[in-house]
2 protein chains.
Amino acid sequence: MEKFIDNLKEKLKEKGYKLTPQRRAVLEVIITNEGEHLSTEEIYDIVKKNCPDIGLATVYRTIQLLDKLDIISTLYLDDGCNRYEFNIQNGEHHHHHLICESCSKVIEVKIDLLEKLEEEIQVNYGFEILDHKVQFYGKCENCK
Amino acid sequence: MEKFIDNLKEKLKEKGYKLTPQRRAVLEVIITNEGEHLSTEEIYDIVKKNCPDIGLATVYRTIQLLDKLDIISTLYLDDGCNRYEFNIQNGEHHHHHLICESCSKVIEVKIDLLEKLEEEIQVNYGFEILDHKVQFYGKCENCK
DNA sequence: TATCATTTGAGAGACATTATTAATTGAAAA
DNA sequence: TTTTCAATTAATAATGTCTCTCAAATGATA
Ligand SMILES: [Mn+2]
Ligand SMILES: [Mn+2]
Ligand SMILES: [Zn+2]
Ligand SMILES: [Zn+2]
C-alpha cells in the first residue's frame with residue numbers, strides 16, 4: 001500500500017499538487033476494494049469511516065485528479081454512474097469487462113488479445129491508439 | 001426507409017405495442033442521421049421539425065423501446081449523455097468506435113476481428129457473449 | 001512564525017433522465 | 001360507424017449524478 005501512496009505523492013508533486021489526508025484516504029479505499037468497481041457515492045460512504053468530515057465534492061474532485069494522473073480508470077457499466085478502479089500497472093492498456101445481462105455481475109478479463117485489431121486500426125485509419133475500453137455483454141456461467 | 005418502418009411495425013406488434021406517428025418519426029430521424037451518434041436532446045430538436053408537438057419524455061420513452069427491441073444501440077462516448085445509432089444488420093455485433101482525445105471526433109471501425117478473443121473468453125470464462133462495445137482512445141490522423 | 005497559493009466542506013446549481021398524471025389516441029369489438 | 005378501453009402521449013414535477021461557488025482551513029516554504 002505504502003508504495004502506491006508514495007507513487008501518488010510523487011505524481012502529485014510533479015504537477016504541483018499536494019498529498020492531503022483526503023486524497024490519501026480516497027486512493028486507499030479504491031485500492032483496498034480492488035475489483036469492486038466502486039462509484040463515487042460508494043467510495044464516499046466507505047472513506048467517511050476513516051475520514052468522517054470529508055465532503056462529497058472532495059471525493060469527486062479527488063477522483064477526477066486521480067484519473068487525470070492515470071492512477072485510476074473510469075468505467076461506465078450502463079448503470080447510470082461512473083465507476084472507478086486502480087491501475088495496477090501504470091501505462092498498461094486496460095483489461096476487459098464481461099457484463100451479465102441477467103444478474104449484472106461484472107467479470108474481469110485479464111487477457112488482452114487486441115494487438116491484431118489495434119495494428120489494423122493504426123494502419124488503416126491512421127489513428128494512434130493510447131487506450132481502450134472493451135465491454136462484452138451476455139450471460140455468465142450461472143445464468144446461461 | 002419504408003422497409004425499416006415495416007420492420008419496426010412488425011416488432012412492435014409482436015410485443016403488443018403500437019406504431020404511433022411519434023415512434024415512426026423518432027426512428028426516421030435516427031436512420032436519416034446515420035453515423036451522427038445523436039443524443040436524445042439532439043433527436044428531439046430534429047424530430048420537432050416534422051412533429052412539433054412531440055414531448056421530450058416521449059423521445060426518451062421511444063428510444064428506450066427501440067433499444068429494447070434491438071432496433072438501435074446505446075453508446076456512451078464520455079460526454080455526459082447517451083447517444084444512439086441504428087442497427088443496420090439485425091443481430092450483428094456492434095462496430096467499434098475510435099475517440100480522439102484531442103478533437104473529440106468519433107470514427108467508426110467496421111472491421112470486427114474479435115473472434116479469437118471472444119472464443120477465448122467463452123472457453124475460459126464460460127461466458128456466453130451476445131454483444132460488445134469497444135472504444136479506442138487516442139489521436140486521430142489530424143491530431144497526432 | 002508569517003505568507004499565500006492550494007485545498008477543503010457546504011450548499012447551490014446544472015443537467016440528463018425518470019416518474020406522475022390527466023388527457024388523447026387508435027385498434028378492435030359491437 | 002360508433003363504442004370501448006388499454007396503450008400512449010404531453011406537460012411537468014422529481015430524481016440522481018455531478019459540477020460550481022465561495023469563504024474558511026490547510027500546509028509548504030521562507
Ligand atoms: Mn475491472
Ligand atoms: Mn457508430
Ligand atoms: Zn449472470
Ligand atoms: Zn482529433
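Per chain, numbering begins at 1; letters A, B, ... match sequence-line order. Heavy atoms only: backbone and side chains are in, while hydrogens, waters and symmetry mates are out.
Remark: P of C/dT25 and CZ of B/Arg23 are 15 Å apart, rounded to the nearest angstrom. One can place CG of A/Asp45 at 11 Å from P of D/dT17, the figure rounded to the nearest angstrom. As rounded to whole Å, 13 Å separates atom P of C/dG11 from atom CG of A/Asp53. B/Lys15 places its NZ atom 16 Å from the P atom of D/dA7, with the value rounded to the nearest Å. Counting to the nearest Å, the P atom of C/dG26 and the CZ atom of B/Arg24 are 12 Å from each other. Protein atom NZ of A/Lys68 is 13 Å distant from nucleotide atom P of D/dT19, rounded to whole Å. Between the CD1 atom of B/Ile54 and the P atom of D/dT8 there is a distance of 14 Å, rounded to whole Å. The CG-P distance, from A/Asp67 to D/dC18, rounds to 12 Å in whole Å.
Annotation: the span from A/Ser104 atom OG to A/Ile99 atom CD1 amounts to 9.0 Å, rounded to 0.5 Å.
A salt bridge does not link B/Lys49 to B/Asp45: none of the charged side-chain nitrogens sits closer than 4.0 Å to a carboxylate oxygen. In this structure, A/Arg83 does not pair ionically with A/Glu36, as no charged nitrogen and carboxylate oxygen lie closer than 4.0 Å. Between B/Lys133 and A/Asp78, at least one side-chain N (NZ, or NE/NH1/NH2) sits under 4.0 Å from a carboxylate O, which counts as a salt bridge. One finds a salt bridge joining A/Glu2 and A/Arg24 here, because a Lys/Arg side-chain nitrogen approaches an Asp/Glu carboxylate oxygen to under 4.0 Å.
Within the structure, salt bridge (charged side-chain N to carboxylate O under 4.0 Å, His left out) contacts touching residues 5-17 of chain B (residues at least two apart or in different chains) do not occur. Applying the salt bridge (charged side-chain N to carboxylate O under 4.0 Å, His left out) test to every pair with at least one member in residues 100-121 of chain B, sequence neighbours left out, gives these pairs: B/Glu108-B/Lys110.
Under the ring-ring contact (aromatic ring centres under 6.0 Å, His included) criterion, A/His97 pairs with A/His37, A/His94, A/His95, sequence neighbours left out.
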Per-nucleotide protein contact along nucleotides 13-20 of chain C, 5' to 3', at a 4.0 Å heavy-atom cut-off (B base, S sugar-phosphate only, - neither), is ---SBBBB
Expected string for nucleotides 25-30 of chain D under the B/S/- scheme (protein heavy atoms, under 4.0 Å, primed atoms plus P, OP1, OP2 as sugar-phosphate) is --S---
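Ring-centre distance between A/His96 and B/His132: not below the 6.0 Å cut-off. Aromatic rings of B/Phe4 and B/Phe86 (six-membered ring for Trp) have centroids within the 6.0 Å cut-off, being under it.
Taking side-chain N and O atoms only, B/Thr58 has a distance below 4.0 Å to OP1 or OP2 of D/dA10. The shortest distance between the side-chain N/O atoms of B/Gln22 and the OP1/OP2 oxygens of D/dA10 is below 4.0 Å.
Residues A/Leu113 and B/Leu114 have side chains not in contact (no heavy-atom distance under 4.5 Å, counting atoms from C-beta outward).
Where the helix from C/dT1-D/dA30 to C/dA30-D/dT1 starts and where it ends, the local axes point in directions that differ by 30°; five pairs per end, rounded to 10°.
Looking at which nucleotide of DNA chain D each of B/Tyr44 and B/Gly16 is closest to, the 5′-most match is held by B/Gly16.
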